[in-house]
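To find a chain, count down the sequence lines: A is the first, B the second, and so on, and within it residues start at 1.
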Amino acid sequence: MSFSLSTLSEQTLKLYLMIFGLKSLSRTHVVSFTSRYFSSVPELCHPHSAHHLFEKSPRRDPSEYNALLFEYSHSDRNKEALNLYAGLWRSGFSVDGSTLSCILKVCGCLFDHVAGKQVHCQSIKSGFVENVSVGTSLVDMYMKTEDVGDGRRVFDEMGSKNVVSWTALLTGYAQNGLNELTLNLFCQIYVNEVKPNPFTLATVIGAVANRGVVEEGCQIHTAVIKSGHESHTIVCNSLINMYSKSGLIRDARAIFDSMLQRGAVTWNGMIAGYVTNGLDLDAFRMFHWMRLAGEKFTQPVFASLIKSCANLKELSYARQLHCQVLKSGMGFYHNIRTALMVAYSKCTEMDDAFKIFSVMKGVQNVVTWTAVISGYLQNGIMEQAVHLFCQMSREGIRPNHFTYSTILTAQPYISIFQVHAQVIKTNYEKLPTVGTALLDAYVKTGHVKEAAIIFELIDEKDIVAWSAMLAGYAQMGETEGAVNIFLQLAKEGIRPNEFTFSSVIHACAGPTASAEQGKQFHALSIKTRLNNALCVSSALVTMYAKRGNIESANEVFKRQGERDLISWNSMISGFAQHVQGKKALAIFEDMQRQKLEMDGITFIGVISACTHAGLVDDGQRYFDMMVKDHHIYPTMEHFSCMVDLYSRAGMLEKAMDIINEMPFPAGATVWRTLLAACHVRRNLEVGKIAAENLISLQPQDSAAYVLLSNIYAAAGNWQERAVVRKLMDERKVKKEAGYSWIEVKNKTYSFLAGDLTHPMAERIYSKLEELSIRLKDMGYQPDTNYVLHDVEEEHKAAFLSQHSERLAIAFGLIVTPPGTPIQIVKNLRVCGDCHSVIKLISLIEDRYIIVRDSNRFHHFKGGVCSCGDYW
DNA sequence: ATAGGGTTAG
């Protein structure tokens, strides 16, 4: 009912009374009507309000007390209502059932369990406890004050019950999050031959919505139709909400379309449904329709639409809504302001988000603080986020579980141990959100074991928690741990989602995973229809590429229905690793033609494709293009690629020029790249500079010492070589052991250089012996420059022939039928001598041999390698 | 109204 309050005169009031069929204005009438009409306007002190009449009244009777009590309770002045009730009780007036019901509602709203219990006693004393309405109100009060046990007890003791009593209990269960009990009780209503009313149905539908089980949703809809209340507005509103929450947005829309009378809740329900289901454009279409229908916009509609702008990163529309919200006087609602802050944060407009936050000074709460902190974190402004987190505590706002799960992503600007301690104190550790964020923080600092302990402590592990743990193992290269997590979650009946698959497939790209495992997860993703999710298919492209199966990688890429930057980058890098430079560049040109967004990683792929294909000029051209045309600032990785490009082509001086002209000092990776090239090219002069720089940056890195001493050895400078060796011993630097892996019949076998422990060692060594004789017959001379140890030539040859990749290949030749391709994975780079030997083996044994070393793939066939001896 | 996990390079 809308009217301008200031113009409401006695006359108007008379008119209203006439509408209600009353001829005269008795005192009681005035009291009861005014309290009803003025109850929704708390700050109003109209001369006709019950409050005024009450004050002026010469003798106060129970009806006046009651009228004012109702007015207070309806206008959310619950404390005043409770005081008035105490006065009423003290005055010795007898109370009736409706008074008790009213005050019980007040107790519920105030969460005042103690006062509620007192009223309960008074109801017993006055005998009104037998009254159905009072009993029902008692149930409601207990449920609202979270005393589910007493609520149920009162209900059970009630002599007579009606639908409202059942509904009160039902609503109580639902409000306390006891969704399963709510559903059970709903079945009992039928057993007791009570007919549910629209409120009963709306409550149960809400409980079903929270559980999100589609089958239950269909069942409840059937019950609604049977009850005959299917067209009732509040029932339809709940159904719309339920279907949206279960992801069945089309069913929600069907309900919406069928409705004869739509309220503001209906429109908002539909709009909010579209937003939560990611159909933001449909939400806006609905908004447009709502406007055409002449419906008034309420505050939740704006909140939903602003959220939609955040999802779409639609800044200009967010600003328009901001204006509209201010114009319609809704700019002061907390939820609107928070939604606006989130939208501005998502559009990288942190200044605007912060402006809203600072304007709220004095009324800021945990939610607003968390929103602004989260905004800074998402925009990578970690220092400011941490600063605000500290300030928040100083201003006496206690962080909640949202805040903790957010701030834990502020690595490395926070001490996770400190935050962990706070989390334990506040008992948030067991919550899946906080636990997951904590676990991830430990993974990112390299503490996988601690992360696993935290994971175990999480109470009800959801799919996000499981996926985070799985990703943790995958990121640390622990394939087995990752796969085990997947098997465990499947066993517990948890449904993996696209993130779970992308992580487990990523784990299967590791050197110790079997190729078969990756394929199986691919199959499983197809079964669950998640294979087409972008993150899954991109992970598949990389997995197949890293497993040496570039054809399958390309096949997955070609079948991608839509692509994003990562998809394109994955394919470019895949081709680059497989030395298919031309194909990598073709993909890149396709991207250019379509004018797609590119980033620094795209160019790392492109330049490394040029490097592996020996296209020096092209590499330089792409680097220049990146800086000049795409305005991408080159990072250390890019310079590393450029140094690689020139030094592999033997242009070591040019590589040094790159290093000297870099805008920042070269890092270890850059020097290591240069050093490796000097090793291949036997360039002592540049090699010395590279090694010295690398050693000063990473004194514990064995590669620097090993490569440098090898360069000295190659130059026959044994004295200098001995100095390097001595330095290595003094600093206790251990050479990284060379490992190779081979997969035969779904089992992975690993070999260490000079390994004698393998059960088939004897046969492997005799196979190597046999091969070495045949190689010598073909005129092969071992290149002993690749041996570090200062020993006799003959022994050096023996060391060489025991490199792990040769053991693995010999094993492969023995255990697989002739003609079977052999695939090896190695943790270090393959040495020059092994490279020549493997070429010859592929010829004399007529085998296709694929070696993936730490750097790239080598496809050996008929005596040649795909890298063209250029690596 | 606020929250946690993922895919690309090296």
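In this structure, the nucleotide among B:dT8, B:dT2, B:dG4 sitting nearest to the side chain of A:I566 is B:dT8. Checking B:dG5, B:dT2, B:dA9 against every side-chain atom of A:D440, the shortest atom distance belongs to B:dG5. For A:K546, the side-chain atoms get nearest to B:dA9 when compared with the rest of B:dG6, B:dT2, B:dA9. Among the nucleotides B:dG4, B:dT7, B:dG10, the one closest to any side-chain atom of A:S405 is B:dG4. With distances taken from any side-chain atom of A:F499 to the nucleotides B:dT2, B:dG10, B:dG5, the minimum falls on B:dG5. Taking only side-chain atoms of A:T409, from C-beta outward, the nucleotide of B:dG5, B:dT7, B:dT2 with the closest atom is B:dG5. When the nucleotides B:dT8, B:dA3, B:dG5 are ranked by their closest atom to the side chain of A:H506, B:dT8 comes out on top. Of the listed nucleotides (B:dG4, B:dA9, B:dA1), B:dG4 has the atom at the smallest distance from the side chain of A:P432. Closest to the side chain of A:A437, out of B:dG5, B:dG10, B:dG4, is B:dG4.
The shortest distance between the side-chain N/O atoms of A:T669 and the OP1/OP2 oxygens of B:dG10 is not below 4.0 Å. The phosphate of B:dA1 has neither OP1 nor OP2 within less than 4.0 Å of any side-chain N or O from A:H334.
In this model, no side-chain donor or acceptor of A:S502 finds a partner on the base of B:dG6 within 3.5 Å. In this model, no side-chain donor or acceptor of A:N497 finds a partner on the base of B:dG6 within 3.5 Å. The base of B:dA1 sits within donor-acceptor range of the side chain of A:N365, with an N or O pair under 3.5 Å. With hydrogens and angles left out, the side chain of A:T436 and the base of B:dG4 share a donor-acceptor pair within 3.5 Å.
At the heavy-atom level, A:D564 lies nowhere under 4.0 Å from the strands shown. Contacts of A:V342 with the nucleic acid, taken as non-hydrogen atoms under 4.0 Å apart, involve only primed sugar atoms and P, OP1 or OP2.
Between A:F455 atom CZ and B:dG5 atom P there is a gap of 15 Å when expressed in whole angstrom units. At whole-Å resolution of the value, CH2 in A:W466 and C1' in B:dG4 are 16 Å apart. Between A:I373 atom CD1 and B:dG4 atom C1' there is a gap of 15 Å when expressed in whole angstrom units. Across the protein-nucleic acid pair, A:R852 atom CZ and B:dG10 atom P stand 12 Å apart, rounded to whole Å. Here B:dA1 presents its P atom at 19 Å from CZ of A:F357, a figure rounded to the nearest Å. Put simply, CD on A:Q577 is 10 Å from C1' on B:dG10, counting in whole angstrom units. Regarding A:F501, its CZ atom lies at a distance of 15 Å from the C1' atom of B:dG5, rounded to whole Å. Atom pair A:N311:CG and B:dT2:P shows a separation of 10 Å (rounding to whole Å applied).
Judged by the 6.0 Å distance and 45° axis criteria, A:K461 is positioned over the aromatic ring of A:F455.
Classification of the A:H578-A:F857 ring pair by plane angle, with boundaries at 30° and 60°, yields parallel.
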ask   = Given A:Y633 and A:H638, is the ring-ring contact (aromatic ring centres under 6.0 Å, His included) satisfied, shown in steps?
value = CA-CA 9 Å; A:Y633 191 74; A:H638 293 105; 9.5 Å; no
Practice item. Report the C-alpha distance between A:R672 and A:D701 in whole Å, list the side-chain angles of each, state the deciding distance to 0.1 Å, and finish with yes or no for salt bridge (charged side-chain N to carboxylate O under 4.0 Å, His left out). Key: CA-CA 10 Å; A:R672 197 178 295 117; A:D701 181 8; 2.9 Å; yes
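Proximity of the aromatic rings of A:F486 and A:F501 is defined here by a centroid distance below 6.0 angstrom, and this criterion is met.
Counting only heavy atoms from C-beta outward, the side chains of A:Q378 and A:K346 approach each other to under 4.5 Å.
When the side-chain hydrogen bond (donor to acceptor under 3.5 Å, both in side chains) test is applied to A:S573, no partner is found at least two apart in sequence or on another chain.
DNA chain B lies under 4.0 Å from at least one heavy atom of each of the following residues of residues 469-478 of chain A: A:A471, A:Q475.
Ion pairing of A:R319 with A:D352 is present here, as a side-chain N (NZ or NE/NH1/NH2) and a carboxylate O approach within less than 4.0 Å.
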Indicate every side-chain donor-acceptor pair of residues 359-366 of chain A with a distance under 3.5 Å to a residue at least two apart or in another chain.
residue : atom : partner : partner atom : Å
A:Q364  : NE2  : A:F357  : O            : 2.9
A:N365  : OD1  : A:V367  : N            : 3.1
A:N365  : OD1  : A:T368  : N            : 3.0
A:N365  : OD1  : A:T368  : OG1          : 3.2

